[in-house]
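Along the sequence shown, residues are numbered consecutively beginning with 1.
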Amino acid sequence: LADRAERRKIMVALDILTGSVVLCGAVFLTRDNAPAGVCLLLVVLSVLGAFQTPAVPACIPQIVGEEQLVQANAVVNQVASISCLAAPMSGGVLYGIMGLKPVLWISVVCFFLTGVLECFIRLRSRTGSGAEMGPGNLLSVIKTDFVTSIRFITGKRPEILRLLVLV
C-alpha cells in the first residue's frame, strides 16, 4: 500500500482507524472481558501498525530534498527508537497512576489528533513510480501482488518460505 496509494491518506486513515479501535476498547472493556479484550486490542493494533510502519519512511523522500535524505532518515529512525523506549515506560507509569481507561482515552485523543495533523502534511508528487493504484483496481493489485509474492517465495527464495513456516 505504501508504494501504490497516496501515503498521506494511508497514514491519516490508519491513525483514525487506530483511534477508533482504541475508542472501542475504551468503551467496551470491562473487568470481566479485560484480558481477552486487551489481547484482541493488541492484535488489531499490531496489524494496523504493520500497515503504518512502511508508510512513514516512504514519505521522507517526498518531504525533504535528496541532499537532506540521510539526515531525515536518521531523525525518523531516532524518533522511532526513542518512542519504542519512552512509550511503554510512560504508558506504564500512567497506567499505574490512573488505570487503563484513562490511558485508553488519552490514546484515542492522541491518535485522532495525529490523524488531523497529518492532513496538513504536503508531499511532493512521486515521479516514475508507475505503481500507483487507481480507486477501482485495489483487489486486482492485491491479487497480483499476492500471486507474485507467492511465486517469489516458493520459486526464487524458498528460504523465505521456510522462515515464514518456522515463525
Side-chain angles (χ1 to χ4, degrees), residues 1-26 38-135 138 141-142 145-146 148-149 152-153 157 159-160 163-164 166-167:
L1 282 175
D3 290 336
R4 298 184 183 268
E6 189 179 332
R7 293 169 179 148
R8 182 177 55 86
K9 286 182 181 177
I10 292 172
M11 292 188 306
V12 170
L14 286 171
D15 278 328
I16 298 297
L17 185 58
T18 301
S20 301
V21 168
V22 176
L23 176 64
C24 289
V38 169
C39 288
L40 179 63
L41 192 60
L42 287 174
V43 168
V44 172
L45 292 177
S46 294
V47 170
L48 292 173
F51 283 98
Q52 175 94 15
T53 300
V56 174
C59 290
I60 296 171
Q62 291 179 268
I63 296 173
V64 301
E66 192 172 325
E67 64 281 351
Q68 300 163 324
L69 193 55
V70 172
Q71 292 167 326
N73 280 324
V75 168
V76 168
N77 286 329
Q78 281 298 105
V79 169
S81 296
I82 290 169
S83 69
C84 284
L85 292 172
M89 286 191 305
S90 59
V93 168
L94 289 174
Y95 172 73
I97 294 170
M98 300 186 300
L100 181 60
K101 290 276 187 166
V103 173
L104 290 176
W105 286 109
I106 291 169
S107 297
V108 168
V109 170
C110 289
F111 279 114
F112 285 140
L113 182 60
T114 301
V116 168
L117 292 175
E118 286 168 342
C119 290
F120 298 103
I121 295 174
R122 296 289 168 241
L123 301 176
R124 291 191 305 265
S125 63
R126 294 182 279 177
T127 56
S129 67
E132 293 174 17
M133 199 167 36
L138 174 63
V141 169
I142 290 172
D145 285 354
F146 187 73
T148 303
S149 300
F152 180 76
I153 65 173
R157 299 292 301 271
E159 65 274 12
I160 295 174
L163 281 172
L164 286 173
L166 179 65
V167 170

A.B. asks: Minimum heavy-atom separation for Gly49 and Thr53, please, with both atom names.
C.D. replies: O-OG1, 2.7 Å
A.B. asks: At what distance, to the nearest 0.5 angstrom, does CZ of Arg122 lie from CZ of Arg8?
C.D. replies: 5.5 Å
A.B. asks: For Ala58 versus Arg7, what's the shortest heavy-atom pair and its separation?
C.D. replies: O-NH1, 2.9 Å
A.B. asks: Please set out all donor-acceptor pairs under 3.5 angstrom arising from side-chain atoms of residues 75-85, sequence neighbours excluded.
C.D. replies:
{"from": "Asn77", "atom 1": "ND2", "to": "Asn73", "atom 2": "O", "distance (Å)": "3.2"}
{"from": "Ser81", "atom 1": "OG", "to": "Asn77", "atom 2": "O", "distance (Å)": "3.0"}
{"from": "Ser83", "atom 1": "OG", "to": "Val79", "atom 2": "O", "distance (Å)": "3.2"}
{"from": "Ser83", "atom 1": "OG", "to": "Ala80", "atom 2": "O", "distance (Å)": "2.9"}

A.B. asks: What is the distance from atom CD1 of Ile121 to atom CD of Gln62, rounded to the nearest 0.5 Å?
C.D. replies: 10.5 Å
A.B. asks: Residues two or more places apart in sequence or in another chain: which of them pass salt bridge (Lys or Arg N to Asp or Glu O under 4.0 Å) with Glu67?
C.D. replies: none
A.B. asks: Is the backbone N or O of Ala87 less than 3.5 Å from a side-chain atom of Ser90, with the two atoms forming a donor-acceptor pair by type?
C.D. replies: yes
A.B. asks: Kindly list each side-chain donor-acceptor pair under 3.5 angstrom involving residues 15-26, sequence neighbours excluded, with atom names and distances?
C.D. replies:
{"from": "Thr18", "atom 1": "OG1", "to": "Leu14", "atom 2": "O", "distance (Å)": "2.7"}
{"from": "Ser20", "atom 1": "OG", "to": "Ile16", "atom 2": "O", "distance (Å)": "2.9"}

A.B. asks: Return the set of residues passing salt bridge (Lys or Arg N to Asp or Glu O under 4.0 Å) with Lys9 (not counting sequence neighbours), or none when no residue passes.
C.D. replies: Glu6
A.B. asks: Rounded to the nearest 0.5 Å, what separation is found between the CZ atom of Phe111 and the CG atom of Leu48?
C.D. replies: 9.0 Å
A.B. asks: Mark yes when over 12 heavy atoms from residues, nucleotides or ligands other than Phe112 sit less than 6.0 Å from its CZ; otherwise mark no.
C.D. replies: yes
A.B. asks: Going by side chain to side chain contact (heavy atoms under 4.5 Å, CB included), name the residues that satisfy it together with Ile97, two or more places apart in sequence or in a different chain.
C.D. replies: Val93
A.B. asks: Let me confirm one number: the OG1-CD distance from Thr114 to Gln52, rounded to the nearest 0.5 Å.
C.D. replies: 9.0 Å
A.B. asks: Phe51 vs Ile10, test: side chain to side chain contact (heavy atoms under 4.5 Å, CB included). Steps then yes/no.
C.D. replies: CA-CA 9 Å; Phe51 283 98; Ile10 292 172; 5.8 Å; no
A.B. asks: For residues Arg124 and Pro61, report the shortest heavy-atom separation together with the two atoms involved.
C.D. replies: NH2-O, 2.8 Å
A.B. asks: Tell me every residue that passes side chain to side chain contact (heavy atoms under 4.5 Å, CB included) with Leu94, counting only those two or more places apart in sequence or in another chain.
C.D. replies: Met98, Val103
A.B. asks: Please round to the nearest 0.5 Å and tell me the distance separating atom CD of Glu118 and atom CG of Leu113.
C.D. replies: 10.0 Å
A.B. asks: Give a yes or no on whether Glu159 atom CD has more than 12 heavy-atom contacts from other residues, nucleotides or ligands under 6.0 Å away.
C.D. replies: yes
